[in-house]
Asker: 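Okay, handing you the structure first.
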Amino acid sequence: MRWSKTLIPTMKEVPSDAEIPSHQLMIRAGLIRQLMAGAYTYLPLGWKAVQKAAQIIREEMGSADAVEIHMPALQPIELFDRTGRNEAFGSVLIRLDVKRGDRDVHMALGPTHEEVITDLISKQIKSYRQLPLTLYQIQTKFRNEERPRFGVLRTSEFLMKDAYSFGTSLEQLNEAYDAMYAAYCRIFKRCGLTYIPVEAESGPIGGDASHEFMIPAENGEDHIVYCESSGYAANLERAETGRSTPDLSGSGSGAALEKVHTPNAGSIEAVCKFLKCKPEQMIKTLIYLADDQPVAVLLRGDHEANEGKIRRALEAGSVELADETTIKSITGAGIGFAGPVGLECRIIADHDVPLIGDAISGANETDQHYINVNLGRDYQLETTYDLRNACEGDPCPKSGEPLKFVHGIEVGHVFKLGTKYSKSLNAVFLDENENREPIIMGCYGIGVNRIVAGLAETKHDDKGLIWPITVAPFEVLLIPLNTGDEELMQVAEKMYADLQGQGIDVLFDDRAARPGVKFNDADLIGIPFRVVIGGKGLKDGVVEFKGRTAENPEKVPVDNAVQYVVDQVAAAKAELSA
RNA sequence: CGGGAUGUAGCGCAGCCUGGUAGCGCGCUUGACUGGGGGUCAAGAAGUCGCAGGUUCAAAUCCUGUCAUCCCGACCA
C-alpha cells in the first residue's frame, strides 16, 4: 500500500477527549475516529489490525475444530422473551419496532447470540450422532452501554468472536471447553499480548466453569486478584481468600455494652465521623433476602459484600438486598441502624467479624448505635464464612501468601453454559436409548477490538505504538527519503515491488514530506520494521533497516536488503508462533 | 441515573469575569529557498463562537432552556 493512496490521518497533538494511552494513540496514529459516544470508525490502519487479529482467531478456531458461520445482528425480540433475557438485559438491549405494512415487527440488535444459535441448533440437531459440534462467528454486537468510555475499550457497538459448543454430556462439554481454553492461549500468544487467564464467576455449574482472559493494564476496568507463588488468579467477584474461622469464644476488653445516640448517622462514613472511629471498628449489618427469607450478613465496616459468596454460603438460589419495608420490619429501625445485638433473624458473618473487639454496630433502633459490642456476650455465632470481596494482602487460598491486585482488560471469556438456553429454547437431542435430553452448551467470547486496543494500551513508548508483527497493520514500512530523486525512487519502487512479491505486507511512504515528518509518523504508527532509503546510503550501496524498538539502524547492502527483510519478518513471526 | 467539567477554523487552545471589528500555535493552499528526526520566508483560504430563546442600541461574552462530548461514581447477560 502506498501512503499517498490511503488514509492515515496522524496527529501531532493529543486530542482533548482522549484520556488513556490506547485511546490517544489510536486516534493520533490514525487508526480510529469517533462518530459519537461509544461508536468509532476504523480507518485503514485500525481496520487492518482488527482483520489480522480476526484472521489469527479464525486459524486457531479452525485448529480447534470450530466452524465459522454468520448470524444476523437483527434478532426477533420473541427469542429474548423465551429465555427471559428481554427483561434481564434491561436498557442494555437495543430494541427496534419497525413498521411492516400495518403491523409492528419487534426486534433487537443482537447484544450476543446465544438465543439465535440455540434456536438454529434446536431446529437442525436431532440426534446424539450429530454431536459434539462447535460453531463460531465474528459479528458486530450492540449493547446500549450506560457509559461508554476509554475509547474503543467500552463501546456500544463492537466486534466479537463468539463460539458456542453443543454436546451430549459433561465430558463433551469439558472437552470443548478445554479445546477453546487452549485455543485462546494460542490466539493471545500469537497476537503478542501479555495475558492472564483468571477464574471468573461461574454461575450455576460451579467449579472451574468459567475463565476470563485478562490483559494486565493500569486502565483496565476489571480487578484481578493473583498470587505469585501459587499462580492463583481470579477476578475480584470470584476470588476466594485463604482465611478461616477464627476463635469464636469471645472478643473484646470486657467494656460494658453502651447505647449511643447517633442522629442521622445511617452510613458507616457518617457514624465514623460522628463517633470519631474507623470503619474497621464497625460491624456492617446488611439485610438480604435469600430466596425471599431475610438474613442478616455481618461484615467488617470497611469490607465489601460479595453476593455470589453470600448466595453460596446460604445455598440459596437468589439473594438480593432487602427493601426498606423489610428492613424496618426485621430491625425495627430505618436503613443504616441494623446490628447483630438482639436481632431476630438468621445471621451469618464473615471470618473477620469475630476479630473486631469492642465493635460499633447499629442498635436496631433509628438514630442509635451500640459501642463495645463483643462476640459471645452480645451476639452469638456458630461459624463464619468468606462473604466479602478479597482485599490486597489477604492470604491466597492455595499458598496462604498475600494476594496481590492488578487491573485488567477482559479480552476473552470461556464459560460453561450447561442447559440454560437449550432448555428454554427446546434444543434437545435423542440419545442412544431414545431419551430426549437438552443439549449441553458452552460459550466462548473474544473482544476483537479489545485485542487491538489492549495492544495499543500496553505496547507503546513515548513516541507511539509498538505493534507485534502478527497484528501490525503492516509488517514493513519502506521510506524513500527524497521522493524527488529519480534514481533513489527507482531503487525504492523496485524494493517495494520485490518485498510485495515475497509476500511481505509493506507500507510505502511515498509522500513528498520532510524526513523528520516521516520518521515521526513511522514511530507513531509503530510498524515493526522500517527500511529507509536515503541518498547518502545509496551512494555507499546500503539502505537502513531498523526494528521499531531498536536503538540504531543497521546498514544493509541494497542487493541483500529484500532477503534480509524477509528473514527478519520471518524470525519475528516465529517468535510469536504458538 | 447521581456528581463534576467542557463546547470558539481540521487539531490544540486564548478571548467571556468587566458586552462594542474573531485571535494564537499546529495543520491546509500557492510560490521560493531547503532536504537524514515535525525547516525558513512570503502570500493566502478557512469559524452560523454547539443549538434555541431572552436581556440590550449592541451578545462568543450576561440570563434561561436544550443538545453533545469527556471525567468520577452506579450499572456492565
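Here the structure is a predicted model, which is why all the values come from computation and not from measurement. By convention in this document, chain letters (A, B, ...) are assigned in the order of the sequence lines, proteins followed by strands, and residues within each chain are numbered from 1.
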Asker: Rounded to whole Å, please give me the gap between CD in A/Q24 and C1' in B/G12.
Answerer: 13 Å
Asker: Sticking with atom C1', work out how far B/A60 lies from B/G19, rounded to a whole angstrom.
Answerer: 10 Å
Asker: Using Watson-Crick or G-U wobble geometry with both distances under 3.5 Å, which nucleotide pairs with B/C49?
Answerer: none
Asker: So, OP1 or OP2 of B/U69: does either fall under 4.0 Å of a side-chain N or O from A/S16?
Answerer: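 Result: no.
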Asker: Taking the ring of A/F545 and the ring of A/Y564, is the distance between their centroids below 6.0 Å?
Answerer: yes
Asker: Are the charged groups of A/D509 and A/R2 less than 4.0 angstrom apart, N to O?
Answerer: no
Asker: Distances for protein N/O vs nucleotides 35-40 of chain B N/O pairs under 3.5 angstrom?
Answerer:
residue, atom, partner, partner atom, Å
B/G36, N1, A/E544, OE2, 2.9
B/G36, N2, A/E544, OE1, 2.3
B/G36, N2, A/E544, OE2, 2.6
B/G37, O6, A/R530, NH1, 3.0
B/G37, N1, A/D523, OD2, 3.1
B/G37, N2, A/F519, O, 3.3
B/G37, N2, A/N520, OD1, 3.1
B/G37, N2, A/D523, OD2, 2.5
B/G38, O2', A/K12, NZ, 3.4
B/G39, N7, A/R514, NE, 3.1
B/G39, N7, A/R514, NH1, 2.8

Asker: Measuring only the P atom in each nucleotide, how far is B/A9 from B/G3? A whole number of Å is fine.
Answerer: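 Rounded to whole Å, the distance is 30 Å.
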Asker: When the C1' atoms of B/A45 and B/G31 are considered, how many whole Å apart are they?
Answerer: 15 Å
Asker: Find the partner of B/G36: check Watson-Crick (N1-N3 plus N6-O4 or O6-N4) and G-U wobble (N1-O2, O6-N3) distances, both under 3.5 Å, and reply none if neither fits.
Answerer: none
Asker: Under a 3.5 Å cut-off for both contacts, is B/G44 paired Watson-Crick or G-U wobble with anything, and if yes, with which nucleotide?
Answerer: B/C28
Asker: Main chain of A/A200, side chain of A/N235: is a donor-acceptor contact present, judged purely on distance under 3.5 Å?
Answerer: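 No, because the side chain of A/N235 does not come within donor-acceptor range (under 3.5 Å) of the backbone of A/A200.
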Asker: Between B/C63 and B/C72, how far is it from one P atom to the other, in whole Å?
Answerer: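 After rounding to an integer number of Å, I get 29 Å for this pair.
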Asker: Which parts of nucleotides 71-77 of chain B does protein reach within less than 4.0 Å, heavy atoms only, written one letter per nucleotide 5' to 3' as B for base, S for sugar-phosphate only and - for none?
Answerer: BBBBBBB
Asker: For the C1' atoms, the ones on B/G15 and on B/C49, what distance do you get once it is rounded to whole angstrom?
Answerer: 11 Å
Asker: Looking at B/G7, which nucleotide sits across from it as a Watson-Crick or G-U wobble partner, both distances under 3.5 angstrom, or is there none?
Answerer: B/C67
Asker: Taking the six-membered ring where the residue is Trp, are the ring centres of A/Y421 and A/H113 under 6.0 Å apart?
Answerer: no
Asker: With both distances under 3.5 Å as the test, what is the Watson-Crick or G-U wobble partner of B/G73?
Answerer: B/C1
Asker: If B/U21 has a Watson-Crick or G-U wobble mate with both distances under 3.5 Å, name it; if not, just say none.
Answerer: none
Asker: Mind checking whether A/H223 and A/H407 have ring centres under 6.0 Å apart?
Answerer: yes
Asker: Please work out whether the ring planes of A/H211 and A/Y181 are parallel, tilted or perpendicular, with thresholds of 30° and 60°.
Answerer: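 Perpendicular.
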Asker: Over all strands shown, is A/P9 touching base, sugar-phosphate only, or nothing at heavy-atom distances under 4.0 angstrom?
Answerer: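 Nothing: the residue A/P9, judged by heavy atoms under 4.0 Å, touches no strand.
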Asker: How far, in whole Å, is B/A43 from B/C24 if one measures between their P atoms?
Answerer: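 These two P atoms come out 13 Å apart once rounded.
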Asker: For the side chain of A/R143 and the backbone of A/T112, is there at least one donor-acceptor N/O pair under 3.5 Å apart?
Answerer: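 The answer is no, because no donor-acceptor pair under 3.5 Å joins these two groups.
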Asker: Please report the distance separating the P of B/A74 from the corresponding atom of B/G39, rounded so that it comes out in whole Å.
Answerer: 46 Å
Asker: Could you give the distance separating B/C17 and B/U29 at their C1' atoms, to the nearest angstrom?
Answerer: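 Taking atom C1' in both B/U29 and B/C17, they lie 39 Å apart.
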Asker: Hey, does the side chain of A/D222 reach the backbone of A/I409 with a donor-acceptor pair shorter than 3.5 angstrom?
Answerer: no
Asker: To the nearest angstrom, how far is A/E13 atom CD from B/G25 atom P?
Answerer: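 Roughly 13 Å, once rounded to whole Å.
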Asker: Are A/F188 and A/F213 close enough that their ring centres sit under 6.0 Å apart?
Answerer: yes
Asker: Which side-chain hydrogen bond (donor to acceptor under 3.5 Å, both in side chains) pairs, counting each pair once, include a residue from residues 526-552 of chain A, with sequence neighbours left out?
Answerer: A/D461-A/R548
